[in-house]
Amino acid sequence: MRQIFKLTLCLLLAHLWCVSVVYGQTSFKMVKKNGHYYTEAAVNGHAAIPIFVETGFHGMVVSEEGYSKILASLPLENITLDKVEYLRTDRTTRRIVKLLKGKVPVGDLTYEGRVFVVDTNEEYVTVPVNLLKNEADPTASLIRFDFKKNLLDFVSPDDVNLDKMRTYTLVENDPMPIFEATMELSDAYGHQLTKYGKFNFDLGNGSSVFFFRKSMLPALKENKFKIQTSRDKSGNILGQGIFAGYCKIGDKSNTGFSIGITNKIEDTDELGCVGPSFFKNGIVILAPNDKLIYYK
């Protein structure tokens with residue numbers, strides 16, 4: 001009986017060890033909630049910290065309480081703010097209490113960049129995973145997003161078959177992964193346009209695609225696209241958008257979905273953002289060293 005117990009215990013420990021390797025410190029099992037991805041990781045040695053997995057942010061974002069508990073012990077460099085400043089996204093605006101920069105351990109990876117300490121009650125830490133690096137193994141330079149398995153991991157080129165994957169040209173990765181591609185767009189009324197430009201691969205984007213008003217609205221109006229206004233149940237205006245009968249960006253296409261138009265982001269020459277759902281249950285691999293985004 002004792003031998004059976006020992007064998008069972010060994011098998012259990014082996015199973016747990018395998019799980020920790022598969023979904024461990026350089027590999028993260030993501031949970032999708034309201035179109036966004038979350039995970040847990042050790043941050044600066046503090047285990048099981050809730051993480052908002054992002055690529056569309058200018059840096060790591062943490063609340064004042066989270067900074068005090070998790071990051072205050074790190075030798076981060078303080079960046080002086082001459083006036084009250086805010087961290088603005090298409091979803092929210094938060095006052096910046098403190099701005100720092102430096103390295104932060106996230107699991108067995110390292111984040112290096114700006115750290116925004118903001119006035120918020122959010123319990124999670126927002127981490128731009130495109131800026132994480134495996135300093136212990138520089139060959140693991142590819143960041144793979146498997147949207148079918150909801151898995152994020154850092155792998156070497158020898159671990160994946162890139163031959164049959166299509167590519168976008170990556171023109172920037174710090175602070176955000178920006179790629180260039182040709183977009184073909186049509187709506188349900190027969191209006192069409194073809195436009196070449198920059199797109200942000202935004203992991204935190206709950207929709208397949210959304211456009212920036214300044215860079216896309218003139219082109220949509222010129223090509224007679226029907227701009228629709230979306231409202232909530234109380235009649236309050238939420239924003240504008242179009243219904244895309246067909247949208248192809250690079251060699252990837254989708255049909256029959258709405259594209260929102262945001263006016264909250266002005267200072268950019270990008271056409272818009274592309275989210276995970278544009279790739280459905282596919283795989284996207286960031287290869288910053290090669291200046292490519294692989295996808296299928």
- Side-chain contact, heavy-atom cut-off 4.5 Å: Thr262 with Phe210? yes
- Task: Consider only side-chain N and O atoms of Ser141 and Asn134, and report whether a donor and an acceptor are under 3.5 Å apart.
- Result: no
- Task: Any chance you could lay out the side-chain contact (heavy atoms from CB on, under 4.5 Å) test for Asn78 and Lys98, step after step, and finish with the verdict?
- Result: CA-CA 8 Å; Asn78 184 65; Lys98 185 180 295 188; 3.7 Å; yes
- Query: What residues form a ring pair (Phe, Tyr, Trp, His ring centres under 6.0 Å) with Phe199, not counting sequence neighbours?
  - Reply: Phe179
- Task: Give me the ring orientation class for Phe154 and Phe28: parallel if the planes are under 30° apart, tilted from 30 to 60°, perpendicular past 60°.
- Result: perpendicular
- Item | Distance (rounded to the nearest 0.5 Å) between Asp202 CG and Phe57 CZ | 8.5 Å
- Note on the structure: For Glu64 and Val117, the nearest pair of non-hydrogen atoms, with its separation, is CA-CG1, 3.7 Å
- Item | Under 3.5 Å side-chain donor-acceptor pair for Asn205 and Ser207 | yes
- Enter the distance from Leu152:CG to Thr39:OG1 here, rounded to the nearest 0.5 Å. 7.5 Å
- Here the pair of heavy atoms bringing Leu292 nearest to Thr169 is CD2-CA, 4.5 Å
- Give a yes or no on whether a salt bridge exists between Asp119 and Arg94, defined as a side-chain N under 4.0 angstrom from a carboxylate O. no
- Message: For Glu85, I'd like to know if atom CD has over 12 heavy atoms of other residues, nucleotides or ligands within 6.0 Å.
- Response: yes
- Query: Do side-chain atoms of Lys29 reach the backbone of Lys149 as a donor and acceptor pair under 3.5 angstrom?
  - Reply: yes
- Message: Please say yes or no: joined through hydrophobic side-chain contacts below 4.5 Å, possibly via intermediate residues, are Val129 and Val155 part of one cluster?
- Response: no
- Query: Is the shortest heavy-atom distance from the side chain of Asp290 to the side chain of Leu170 under 4.5 Å?
  - Reply: no
- Main-chain N/O of Leu203 paired with Thr55 side-chain donor or acceptor, under 3.5 Å: yes
- Note on the structure: Smallest heavy-atom separation, Pro177 atom then Asn130 atom, equals CD-ND2, 3.4 Å
- In Å, rounded to the nearest 0.5 Å, how long is the span from OG1 of Thr126 to CZ of Phe52? 6.0 Å
- Message: Can you confirm whether Ile227 sits close enough to Ile242 that some side-chain heavy atom of one is under 4.5 Å from a side-chain heavy atom of the other?
- Response: yes
- Message: As a quick check of understanding, evaluate side-chain contact (heavy atoms from CB on, under 4.5 Å) for Phe212 and Lys214, giving each step before the final call.
- Response: CA-CA 6 Å; Phe212 298 141; Lys214 182 179 179 180; 5.7 Å; no
- Query: Should Leu87 and Thr93 count as side-chain neighbours, where that means a heavy-atom distance under 4.5 Å?
  - Reply: no
- Query: Are side-chain heavy atoms of Lys195 and Met216 found at a separation under 4.5 Å?
  - Reply: yes
- Note on the structure: Separation between OG (Ser73) and OH (Tyr67), nearest 0.5 Å, reads 8.5 Å
- Decide whether Glu180 and Tyr196 meet the rule of one side-chain donor and one side-chain acceptor closer than 3.5 Å. yes
- Query: Which atoms form the tightest heavy-atom contact between Asn200 and Met176, and what is the distance?
  - Reply: ND2-SD, 3.1 Å
- N/O donor-acceptor pair under 3.5 Å between Glu122 side chain and Tyr124 backbone: no
- Give a yes or no answer on whether the side chain of Ser215 reaches the backbone of Glu270 with a donor-acceptor pair at less than 3.5 Å. yes
- Item | Any donor-acceptor N/O pair, Asn34 side chain to His36 backbone, under 3.5 Å | no
- Below 4.5 Å, heavy atoms only, C-beta onward: do Ile249 and Cys247 meet side chain to side chain? yes
- Query: Is any side-chain heavy atom of Leu286 closer than 4.5 Å to a side-chain heavy atom of Leu142?
  - Reply: no
- How many angstroms lie between NZ in Lys103 and CG in Leu76, if you round to the nearest 0.5 Å? 12.0 Å
- Message: Testing the basics here: between Glu135 and Thr110, what is the closest heavy-atom pair and its distance to 0.1 Å?
- Response: OE1-OG1, 3.5 Å
- Note on the structure: Here the gap from Arg114 atom CZ to Leu131 atom CG, rounded to the nearest 0.5 Å, amounts to 10.5 Å
- Task: Assert yes or no for the condition that the ring centre distance of Phe147 to Tyr295 is strictly below 6.0 Å.
- Result: no
- Task: Would you sort out whether Met183 and Phe211 count as a side-chain contact (heavy atoms from CB on, under 4.5 Å), showing the intermediate values?
- Result: CA-CA 12 Å; Met183 175 180 63; Phe211 292 145; 3.7 Å; yes
- Item | Atom CD of Glu184 with >12 non-hydrogen neighbours under 6.0 angstrom | yes
- Query: Is there a donor-acceptor pair under 3.5 Å between the side chain of Tyr111 and the backbone N or O of Met60?
  - Reply: yes
- Message: Quick check against the 3.5 Å criterion: does Tyr37 have a side-chain atom that pairs as donor or acceptor with the backbone of Pro276?
- Response: no
- Same apolar cluster: Leu271 and Phe257, side chain cutoff 4.5 Å: yes
- Task: Say whether Thr120 and Ser63, considering side chains only, have a donor N or O and an acceptor N or O under 3.5 Å apart.
- Result: no
- Message: Using side-chain contact (heavy atoms from CB on, under 4.5 Å), reason through Val118 and Val62 one step at a time and then give a plain yes or no.
- Response: CA-CA 6 Å; Val118 297; Val62 63; over 6 Å; no
- Query: Is it true that a side-chain atom of Ser27 and a backbone atom of Asp153 form a donor plus acceptor pair closer than 3.5 Å?
  - Reply: no
- Decide if the gap between the ring center of Phe116 and the ring center of His58 is smaller than 6.0 angstrom. no
- Message: Could you see if Leu74 belongs to whatever hydrophobic cluster contains Val125? Use Ile, Leu, Val, Met, Phe, Trp, Tyr and a side-chain cutoff under 4.5 Å.
- Response: yes
- Are any side-chain N or O atoms of Asn254 and backbone N or O atoms of Phe278, one a donor and one an acceptor, separated by less than 3.5 Å? yes
- Compare every heavy atom of Phe279 with every heavy atom of Lys252, then report the nearest pair and how far apart it is. CE-CA, 3.9 Å
- Exam field: side chain His191 to backbone Asn223, donor-acceptor pair closer than 3.5 Å: no
- Item | side chain to side chain donor-acceptor pair (under 3.5 Å) assessment of Asp137 paired with Thr139 | CA-CA 5 Å; Asp137 182 9; Thr139 64; 2.5 Å; yes
- Does any non-hydrogen side-chain atom of Val160 lie less than 4.5 Å from one of Arg144? yes
